[in-house]
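This report refers to the structure that appears directly beneath it.
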Amino acid sequence: MPNIAVLVKRVPDTNAQILVSGDRVDLSNVKWVMSPYDEYALEAAMMHKEAQGGVVTAITLGAPECDKVLKDAKAIGVDRIIRVWDDSWSELDSNQTQMALTSAVKEISAEVVYCGKSAADTGAGSTGPGVAERLDWASASNIIGLEFEDSGIEVIVPAASGNARTGISLPAVVSCDKGFCKPRKPNVKGIMMAKRAQVEVLAAEIPASGINIVSHTPPPQKAPGQTFDGATNVPAVVAALRNDANVI
Amino acid sequence: MSETVVIAETKQGMLHSVTAELVSAANALGSAPTVIIPGTSDSAAAAVAELAGVGRVIACVGDCFSTYDAASWAKAVDTCAPAGIVVCAASQNGKDLASRLAARRSISVVQDVVAIDGSTLTQPIFSGKAMQNIVLSGDAVISIRANTFAAVGEGDGAEVTVMNQSADIATAVREMIAKANERLDVAEADIIISGGRGMQDPVNFVDLERIADALGAAVGASRAAVDTWDEIPHSMQVGQTGKTVNPSLYIAVGISGAIQHLAGMRTSKYIVAINKDAEAPIFKHADYGIVSTWEEALPILESELKALLG
Ligand SMILES: Cc1cc2nc3c(=O)[nH]c(=O)nc-3n(C[C@H](O)[C@H](O)[C@H](O)COP(=O)(O)OP(=O)(O)OC[C@H]3O[C@@H](n4cnc5c(N)ncnc54)[C@H](O)[C@@H]3O)c2cc1C
Ligand SMILES: Nc1ncnc2c1ncn2[C@@H]1O[C@H](COP(=O)(O)O)[C@@H](O)[C@H]1O
């Protein structure tokens with residue numbers, strides 16, 4: 001029976017306003033949630049267990065306040081919850097993040113890892129394939145379909161000429177887009193269980209950061225646009241797109 | 001200064017035009033790059049060699065490139081690519097390959113770079129609600145968003161070397177499922193016209209398609225449109241949980257401009273909004289806003305474009 005891992009990350013709610021104060025984003029007043037695609041990854045992990053049995057472990061990398069996303073995963077029904085952290089860490093780059101998560105995956109001897117296709121804060125989509133490479137495993141990214149088989153899984157991934165129905169033997173890392181499942185909601189029993197659940201905390205060896213974050217800045221301001229009242233102005237806009245903007 | 005390496009972007013074995021932008025980004029990093037072109041043959045290498053600003057070209061040839069398998073692509077490309085800063089396209093497969101390559105070399109990956117100023121790289125974070133400016137402290141793999149660097153022109157012809165590679169494929173494509181709509185993908189298009197819930201009925205997207213055909217544009221949609229109507233597939237969705245697009249022109253029709261929609265299209269060079277509600281938030285982000293119903297505006301837009309573009 002498979003040992004299933006799911007990576008869940010705490011991020012600001014996608015509705016949150018992100019302000020820059022000094023040379024860093026100020027996240028002191030945002031509401032925090034599980035990254036939206038991680039909800040699909042969590043559902044995929046639960047579906048895998050329901051199909052084949054096994055144990056589901058939710059893993060997060062972050063400071064103690066990240067326990068909340070693990071408790072949220074516990075309320076959905078995962079078996080174990082693990083947080084990887086060392087108080088000396090801050091602003092980890094991709095290399096450090098992937099090393100820390102990889103060591104947690106090794107620690108629990110997982111055979112399949114589900115994660116989100118990209119986290120709502122970084123938008124990167126680096127972690128799934130990066131962890132797979134470090135484990136020397138197969139990977140599939142941005143999956144929009146998932147079936148479980150005796151010897152592996154079958155996923156659907158978008159490709160240039162259509163969608164590719166692809167067979168993957170385990171072990172593998174699977175990064176999840178939305179569309180193939182509807183994440184379940186926690187029930188009262190789950191929420192009660194989650195309250196009592198213990199978070200296991202793991203340490204890890206990580207390399208030095210490969211980047212220096214110089215600053216965060218607000219997005220470039222565009223020149224204010226023009227608004228026209230009524231459809232009779234459509235020809236004027238078409239002319240502007242042609243002559244001023246040069247885009248048609 | 002270490003070497004700069006570009007991984008050429010291909011689409012079904014052909015060179016993708018974004019490669020000329022990647023070379024331009026590598027030039028901004030200060031060197032004429034080595035360009036690696038992966039493929040089942042070296043047939044696309046000549047087109048790369050013709051680009052200005054290219055140092056040399058390595059055709060990385062192997063059967064493993066017949067379909068996209070992350071593990072085997074990374075392994076084969078890694079063998080051909082010298083050490084240095086590696087530049088990929090921030091496309092779906094480009095970002096995936098960039099991550100694998102960086103992990104293979106135990107270096108950082110920096111995705112979606114939109115500006116290079118000296119040694120400072122800029123990437124959007126929080127779906128473009130802020131920018132992150134970074135300096136690399138060693139080699140790294142970076143991916144570049146399309147449409148942010150001017151494409152290089154034609155050069156004198158760089159030298160091409162062929163390196164044959166083989167790598168075991170870990171995933172097997174069993175079947176290609178044709179896309180429900182054969183239209184241009186929003187992720188590929190330089191002009192996009194998108195419809196929202198204000199289109200009232202999926203049938204009315206035909207009006208957007210006719211304008212798209214006149215412009216050579218793709219048709220996109222808001223999440224409300226995708227969620228409300230089965231006829232509008234998720235592949236058309238632009239936004240936080242849809243596709244991130246960066247076209248020259250984005251036309252939003254009957255779309256209110258929610259923050260999650262803006263997350264996917266706010267970097268478009270020009271934004272046109274057609275909405276009947278003068279207070280709709282989309283107007284704050286539009287270069288050209290037209291306060292009108294689509295029923296009134298689209299027929300005029302179509303006839304104007306047809307008159308102009310033939
Ligand atoms: C976690 C999360 C992720 C999300 N991800 C996305 C995403 O990826 N993409 C996305 O788009 N949304 C996303 N959303 C949803 C988003 O918040 C909005 O609900 C959605 O974008 C609204 O779509 P809409 O503008 O088409 O619809 P509405 O908000 O209903 O707006 C319709 C607009 O049409 C106008 N209108 C009506 N009739 C006409 C007419 N006849 N002519 C002209 N105009 C007319 C109205 O004035 C109105 O402004 C997400 C939300 C959450 C919580
Ligand atoms: N700090 C983290 N803790 C747990 N999971 C993470 C973390 N960072 C990234 N992930 C996982 O990797 C996915 C992609 O993240 P990213 O590469 O940052 O876009 C996320 O959706 C998560 O599933």
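Here the structure is a predicted model, which means the values were calculated and not measured. Throughout, a chain's letter reflects where its sequence line sits, starting with A, and its residues are numbered from 1.
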Fill in the blank from the handout: In terms of heavy-atom pairs under 4.5 Å with chain A, the winner among B:Q111, B:K276, B:E296, B:H285 is B:Q111
Problem - When B:L101, B:V135, B:T120, B:D69 are compared by non-hydrogen pairs under 4.5 Å with chain A, the top option - result: B:V135
Given heavy-atom pairs under 4.5 angstrom as the criterion, report whether the side chain, backbone, both or neither of [X] touches chain A.
X: B:D96; result: both
X: B:I191; result: side chain
X: B:K284; result: neither

Between [options], the one whose heavy-atom pairs under 4.5 Å with chain B are most numerous:
options: A:T232, A:N95, A:N15; answer: A:N95
options: A:V11, A:L19, A:D93; answer: A:D93
options: A:Q17, A:H216, A:R24; answer: A:H216
options: A:T227, A:T127, A:N212; answer: A:N212
options: A:V20, A:D121, A:V237; answer: A:D121
options: A:G167, A:G225, A:G130; answer: A:G167

So for [X], is it side chain, backbone, both, or neither that comes closer than 4.5 Å to the heavy atoms of chain B?
X: A:N246; result: neither
X: A:P207; result: neither
X: A:I156; result: side chain
X: A:V247; result: both
X: A:N233; result: neither
X: A:S215; result: both
X: A:S209; result: backbone
X: A:Q226; result: both

Heavy-atom closest pair, residues [X] and [Y]:
X: B:T241; Y: A:Y37; result: CA-OH, 3.0 Å
X: A:A132; Y: B:R100; result: CB-NH2, 3.3 Å
X: B:G242; Y: A:K117; result: O-NZ, 4.0 Å
X: A:A231; Y: B:I290; result: CA-CG2, 4.4 Å
X: A:A120; Y: B:Q240; result: CB-NE2, 3.9 Å
X: A:R242; Y: B:L309; result: NH1-CD2, 3.6 Å

Roughly how far, to the nearest 0.5 Å, is the [atom2] atom of [Y] from the [atom1] atom of [X]?
X: A:D136; Y: B:K75; atom1: CG; atom2: NZ; answer: 8.0 Å
X: A:L241; Y: B:I251; atom1: CG; atom2: CD1; answer: 7.0 Å
X: B:D78; Y: A:E133; atom1: CG; atom2: CD; answer: 8.0 Å
X: B:I142; Y: A:I211; atom1: CD1; atom2: CD1; answer: 12.0 Å

Hey, is the main chain of [Y] close enough, under 3.5 Å, to the side chain of [X] for a donor-acceptor pair?
X: A:N163; Y: B:I177; result: no
X: B:S137; Y: A:G210; result: yes
X: A:S94; Y: B:V109; result: yes
X: B:K129; Y: A:A16; result: yes

Handout entry: salt bridge (Lys or Arg N to Asp or Glu O under 4.0 Å) involving A:R165 - partner list, sequence neighbours excluded
Key = A:E154, B:E175
Handout entry: Contacts of type salt bridge (Lys or Arg N to Asp or Glu O under 4.0 Å), residue A:R184, not counting sequence neighbours
Key = A:E43, A:E50
Exercise for the section: Could you tell me whether A:E149 and B:R174 make a salt bridge, using a distance below 4.0 angstrom between a side-chain N and a carboxylate O? Expected result: yes
Quick one: does [X]'s side chain get under 4.5 Å of [Y]'s, heavy atoms only?
X: B:M131; Y: A:P220; result: yes
X: A:T14; Y: B:I259; result: no
X: B:Y288; Y: A:D244; result: yes

Problem - Stepwise side chain to side chain contact (heavy atoms under 4.5 Å, CB included) test for A:V157 and B:Q92 - result: CA-CA 11 Å; A:V157 290; B:Q92 179 175 292; 5.6 Å; no
Exercise for the section: For side chain to side chain contact (heavy atoms under 4.5 Å, CB included), just list the numbers for B:F126 and A:L27, CA-CA rounded to whole Å, side-chain angles, deciding distance to a tenth of an Å, and then say yes or no. Expected result: CA-CA 11 Å; B:F126 301 103; A:L27 303 177; 3.9 Å; yes
